[in-house]
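To keep things clear, I will list the structure first and then write my remarks on it.
Computed over heavy atoms, backbone and side chain alike; hydrogens, waters and symmetry mates excluded.
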Amino acid sequence: MPPVTFPLTWPEASARRLERAGLAGEALAPDPAKIAAAMCGAHAQVLSAAELSLMLRTDGGTRTAVRDALWTDRTLVKTHGPRGTVHLLPTADLPMWTGALSAVPLGTSPHPHDVRLTPGQTEQVLAAIEDVLADAELTIDELSEAVIAATGPWAGDLVMPAFQTMWPRWRQVMHRAGQQGALCFGPNRGRKVTYTSPRRALPGFRPMPGPEALAALVRRYLHAYGPATSADFANWFGAPPRWAADLFASLADGLQQVDFAGAPAWILAGDTAGPAADPSGVRLLPYFDAYGIACRPRDLLFPGRAAERALAGRQAGNYPVLLIDGVVGGVWHQRRAGRRVHVTVEPLTPLTAGQRRALEAQVRRTGEILEGEAELTIGTVTVGPHA
C-alpha cells in the first residue's frame, strides 16, 4: 500500500467534514435528494429525524420538501440501507446502493437453526417480494399474505420473537429485499405503513455490478467522512472488517494514506485541500444524524463528558446532539404542542453570547422545518446512569 505522505490533524479533518456535510454555514444543496447524496444517506427509522437531518443543511424549505421528494417527485426513496437500517437514499443512486449492499458477505444468522431460512427458501422469499410488489403498495399484513401464498406455509411460521409478539419466518430477510432493490417503503395508508417496488420510482433500474458499486460508494464515503480506515467503513456500512480491509486494498491506487491524529487512515488520492479556517459554529443534529454516525474517531467527536452523556454503549445517534466547533458539546430534545415546538438544549459548558445567538438561529430553523414556532430553553446536563 502507498506510504503515509503527510499528517492531517483532527481540526483539519473536522473542518473538511463539516463543510462537506453542510454544517459549516453554507447550504449543502438546493434539494433533499442532493443533500442525501452528499451525506451518503439519511437515517430514517424516525422519519421526522431524517427530515431535520436533511433540511437543517439548507437555508429554506420545510419538511414538506422531503415528503414531496419521497411521494410526489420520487427523487428520494425510503428503504433499507447501511447496517440494514432504514434510510432515505437518492432514487438516482439506487443502482450504486443496491449493487454495493448486495455485495456484502452475509454473516451468520442470529436466529436459532429451527428459525432460519435455508438458502433456497431465502431466494424464494426474495423473488416473491419482488414479484408481488412490482405494481402494488401493500401493508405488512397484505405483503405477508402474498409472500406466504407464493412460497409455502413454512414462510408464515410464527417463529421470530419481535416486540412482544411473533413474526412469520419470511420477515428475517425483509431488510435484504430492500438492500437488493426488491422492496422499499410506500406512502402510508392512513396509519399503516406500505411497501412497494423501487422500480416504480426508477423504472427498469438494475443494481450495479458489485465491484463498480463498491468503488463508487467508497469514493463517496471518503469524500464525505475521510480520513477513515477500512474498519471505520466496515462499522458504518455493516460489513465484515476483514472483507472491508481487502476492499480498501483493492482500491489502493485511488486512495492516499495519511497520518490522521497519530494513526494511519485513508483519503481519496489527491484530496488534500481543506478549509483554511478551524472548525467552528453551532449546530443541532437530530437522532441518528449521519455526521455523528459516520465520523471517527468517536473519542475526538465525543470528547470527555460528551461520551458519557451522548453515547449509549459507545453507539452514536441515540441522543440528538449539540455540535460546537466540530465536536459534541451537549444534547437536546424537543416537545411539540400544537404549533409550538419546545426545544431544550443542555450544553456541557456555558455558551458564549455568540454561541447563544447561533443556537437561537438553529432553533428558529428547526421550528420552520417542522412548520411550527420554536422556543428555546437552556437546560442543565446530567451525566451518569440516569441521564
query = Going hydrophobic residue to hydrophobic residue with side-chain gaps under 4.5 angstrom, can you get from Met174 over to Val193?
reply = yes

key: Leu23 CG to Arg17 CZ distance, which is reported to the nearest 0.5 Å   = 12.5 Å

task = Over all heavy atoms of both residues, which pair between Trp332 and Leu285 is shortest? Give the atoms and the distance, please.
result = NE1-O, 3.0 Å

message = Please say yes or no: joined through hydrophobic side-chain contacts below 4.5 Å, possibly via intermediate residues, are Met96 and Leu268 part of one cluster?
response = yes

query = Between the main-chain N or O of Gly262 and the side-chain N or O of Asp259, is there a donor-acceptor pair closer than 3.5 Å?
reply = yes

inquiry  = Test of understanding: clusters of I, L, V, M, F, W, Y form through side-chain heavy atoms closer than 4.5 Å, transitively. Do Val159 and Phe163 belong to the same one?
reply    = yes

request  = Please confirm whether the backbone N or O of Leu322 pairs with a side-chain atom of Arg283, one donor and one acceptor, at under 3.5 Å?
outcome  = no

inquiry  = Less than 4.0 angstrom from a charged side-chain N to a carboxylate O is my criterion; do Asp141 and Lys192 meet it?
reply    = no

note = What one should report as the nearest heavy-atom pair of Gly330 and Leu348 is N-CD1, 3.8 Å

task = For Gln180 and Ala177, indicate whether the former's side chain and the latter's backbone hold a donor-acceptor pair under 3.5 Å.
result = no

query = Can you find a side-chain donor-acceptor pair between Glu371 and Thr64 that sits under 3.5 Å?
reply = yes

Distance in Å, Leu138 CG paired with Tyr195 OH, rounded so as to fall on 0.5 Å steps = 11.0 Å

query = Does Arg309 make a cation-pi contact with Tyr319, if we ask for NZ or CZ under 6.0 Å from the ring centre and within 45° of the axis?
reply = yes

query = How long is the span from the NE2 atom in His333 to the NE2 atom in His342, to the nearest 0.5 Å?
reply = 12.0 Å

inquiry  = For Glu368, is there an ion pair with Arg365 - N to carboxylate O distance below 4.0 angstrom?
reply    = yes

inquiry  = How close do Ser280 and Leu18 get, counting heavy atoms only, and between which atoms?
reply    = N-CD1, 4.4 Å

task = Measure across Ala36 and Leu54 and return the closest heavy-atom pair with its distance rounded to 0.1 Å.
result = N-CD2, 3.7 Å

key: Over all atoms of both residues, closest heavy-atom pair of Ala42 and Ala50   = CB-CB, 4.5 Å

task = Determine yes or no for a side-chain-to-main-chain donor-acceptor pair under 3.5 angstrom, with Asp31 supplying the side chain and Ala33 the backbone.
result = yes

ask   = Of Trp243, Phe248, Trp266, which meets ring-ring contact (aromatic ring centres under 6.0 Å, His included) against Phe233?
value = Phe248

query = Should Leu370 and Thr62 count as side-chain neighbours, where that means a heavy-atom distance under 4.5 Å?
reply = no

ask   = Does the pair Arg63/Asp68 count as a salt bridge with the N-to-O cut at 4.0 Å?
value = no

key: Salt-bridge present (Arg67, Glu51; N to O < 4.0 Å)   = yes

task = Can you establish whether the number of heavy atoms outside Arg336 located under 6.0 Å from its atom CZ is more than 12?
result = yes

query = If every non-hydrogen atom of Ala358 is compared with every non-hydrogen atom of Val282, which pair is closest and at what distance?
reply = CB-CB, 3.9 Å

query = Can you get from Leu47 to Phe288 by hopping between Ile, Leu, Val, Met, Phe, Trp and Tyr side chains that sit under 4.5 Å apart?
reply = yes

Residue Arg189 excluded, over 12 heavy atoms near CZ under 6.0 Å = yes

task = List the steps, then state whether side-chain hydrogen bond (donor to acceptor under 3.5 Å, both in side chains) holds for Ser53 with Asp289.
result = CA-CA 6 Å; Ser53 279; Asp289 187 88; 2.8 Å; yes

key: Ser14 side chain to Val327 backbone, donor-acceptor under 3.5 Å   = no

key: Any donor-acceptor pair under 3.5 Å from Glu19 side chain to Arg16 backbone   = no

inquiry  = Could you check whether any side-chain N or O of Thr72 sits under 3.5 Å from a backbone N or O of Ala69, counting only pairs where one atom can act as donor and the other as acceptor?
reply    = no

request  = Please answer whether the main-chain N or O of Ile267 pairs with a side-chain N or O of Gln256 as donor and acceptor at a distance below 3.5 Å.
outcome  = no

query = Is there a donor-acceptor pair under 3.5 Å between the side chain of Asp232 and the backbone N or O of Thr229?
reply = yes

query = Can you check whether Gly281's main-chain N or O pairs, donor with acceptor, with Asp325's side chain at less than 3.5 Å?
reply = yes

ask   = Could you give the distance from CD (Gln45) to NE2 (His80), rounded to the nearest 0.5 Å?
value = 8.0 Å

Pair Glu137 + Arg200, salt bridge at N-O below 4.0 Å = yes

request  = Flag the pair Glu375 and Arg335 as a salt bridge only when some basic side-chain nitrogen lies within less than 4.0 angstrom of an acidic carboxylate oxygen.
outcome  = no

ask   = For Phe205, is the NZ or CZ atom of Arg199 found under 6.0 angstrom from the centre of its six-membered ring and inside 45 degrees of the ring axis?
value = yes

